[in-house]
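Computed from heavy atoms alone, side chains included, the values below leave out hydrogens, waters and symmetry copies. The chain is numbered in sequence order, starting from 1.
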Amino acid sequence: MELEGILAIGGKPGLYKLVAQSRGGVIVSSLIDDKKFPVTQASNVSALKDIAAYSYHKEVPLADVFQKIADKENLGQAISHKEKPEALRSYMLEILEDYDQERAYNSDLKKLFQWYNILQE
């Protein structure tokens, strides 16, 4: 799965596509409603291509985790991020058997599945 130019912004739900760079930051477009707005350098912006999931042996790039979900679901939607934490953890074990359960917070798993489902739409 290609994650180039896809961003997560701290404090804002959803995912955003990089549209352009400006003097004080970047211009992004929401993947949900396609609204564009500027994001300043003071915001916490993370590129999805730079995010990885913890496993006991190595860090697994988010693109690889998303590909494993896509393979499991035949390119369909994953479990809802609104499920109980136990269900999210169980699902994650099916996807990535050696993911580090102690270092992965429930909020991390919620974001992971929410982001996957946004990208699938």
Side-chain angles (χ1 to χ4, degrees):
M1 185 173 282
E2 183 60 41
L3 300 179
E4 190 70 35
I6 306 297
L7 308 172
I9 301 171
K12 294 196 179 290
L15 293 175
Y16 303 87
K17 185 167 111 177
L18 177 65
V19 175
Q21 291 189 326
S22 65
R23 260 189 260 155
V26 294
I27 309 292
V28 298
S29 173
S30 171
L31 291 181
I32 295 172
D33 59 13
D34 208 31
K35 290 183 180 177
K36 295 179 184 172
F37 60 93
V39 177
T40 65
Q41 294 174 348
S43 298
N44 184 12
V45 178
S46 301
L48 262 57
K49 71 178 182 78
D50 296 334
I51 298 175
Y54 294 119
S55 76
Y56 292 115
H57 304 294
K58 62 180 181 174
E59 290 186 0
V60 181
L62 195 57
D64 293 350
V65 176
F66 284 170
Q67 188 58 55
K68 288 176 184 276
I69 296 171
D71 292 344
K72 177 183 179 354
E73 299 298 339
N74 295 319
L75 300 176
Q77 294 283 302
I79 189 173
S80 170
H81 67 283
K82 295 179 180 179
E83 292 287 335
K84 293 183 179 182
E86 301 82 30
L88 297 176
R89 288 186 175 277
S90 175
Y91 189 91
M92 187 66 177
L93 277 173
E94 293 176 29
I95 302 304
L96 192 62
E97 297 157 355
D98 66 338
Y99 93 96
D100 191 338
Q101 296 180 49
E102 294 173 7
R103 293 173 70 186
Y105 297 109
N106 293 334
S107 60
D108 297 334
L109 297 178
K110 285 182 177 192
K111 283 183 207 173
L112 183 140
F113 295 121
Q114 181 182 29
W115 291 347
Y116 174 83
N117 287 332
I118 288 171
L119 291 171
Q120 281 306 104
E121 288 177 11

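No continuous path of hydrophobic side-chain contacts links Phe37 to Leu15 [ILVMFWY only; heavy atoms under 4.5 Å]. The hydrophobic cluster containing Leu119 does not contain Tyr16, counting ILVMFWY residues as joined when their side-chain heavy atoms lie under 4.5 angstrom apart, directly or transitively. Note on Leu48 and Val60: same hydrophobic cluster, where clusters join Ile, Leu, Val, Met, Phe, Trp and Tyr whose side-chain heavy atoms are under 4.5 Å apart, directly or indirectly.
Atom CD of Gln77 and atom CG of Asn117 lie 4.0 Å apart (nearest 0.5 Å). Considering CG of Leu62 and CG of Asp64, their distance stands at 9.0 Å, rounded to 0.5 Å. For the atom pair Ile95 CD1 and Leu112 CG, the distance stands at 9.0 Å (nearest 0.5 Å). Of the inter-residue distances, the one linking Tyr56 atom OH with Arg103 atom CZ reads 10.0 Å to the nearest 0.5 angstrom. Note that the CG atom of Leu96 and the OH atom of Tyr54 stand 13.5 Å from one another [nearest 0.5 Å]. From Ile79, atom CD1 reaches atom NZ of Lys72 across 9.0 Å, with rounding to the nearest 0.5 Å.
Each of Leu31, Asp34, Val28, Leu7 was evaluated against Lys17; a single residue qualifies, Leu31, per the side-chain contact (heavy atoms from CB on, under 4.5 Å) test.
Annotation: side chain of Phe113 is in contact with side chain of Met92 (closest heavy-atom distance under 4.5 Å). Residues Tyr91 and Ile69 meet the side-chain proximity criterion, which asks for heavy atoms closer than 4.5 Å. With a 4.5 Å cut-off on side-chain heavy atoms, Ser90 and Glu94 count as touching.
Within the 3.5 Å criterion, the main-chain N or O of Gly76 finds no donor-acceptor partner in the side chain of Asn74. In this structure, Gln114 contributes its side chain and Gly14 its backbone to no donor-acceptor pair below 3.5 Å.
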List the atom pairs, with distances to 0.1 Å, where a side-chain N or O of residues 39-47 and a protein N or O form a donor-acceptor pair under 3.5 Å, not counting sequence neighbours.
from  : atom 1 : to    : atom 2 : distance (Å)
Thr40 : OG1    : Ala42 : N      : 3.4

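Taking Asn106 as the reference, Arg89 meet the side-chain hydrogen bond (donor to acceptor under 3.5 Å, both in side chains) condition, with sequence neighbours excluded.
Summarising the local packing, OH of Tyr99 is surrounded by more than 12 heavy atoms from other residues, nucleotides or ligands at distances under 6.0 Å. Around atom NZ of Lys36, no more than 12 heavy atoms belonging to other residues, nucleotides or ligands sit under 6.0 Å away.
Hydrophobic cluster membership for Ile27: Val19 (Ile, Leu, Val, Met, Phe, Trp, Tyr linked by side-chain heavy atoms under 4.5 Å, directly or transitively).
Scanning both residues, Ser80 and Leu88, for their nearest heavy atoms gives O-CD2, 3.4 Å.
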Ile51 vs Trp115, side-chain contact (heavy atoms from CB on, under 4.5 Å): CA-CA, chis, key distance, verdict: CA-CA 12 Å; Ile51 298 175; Trp115 291 347; 3.8 Å; yes
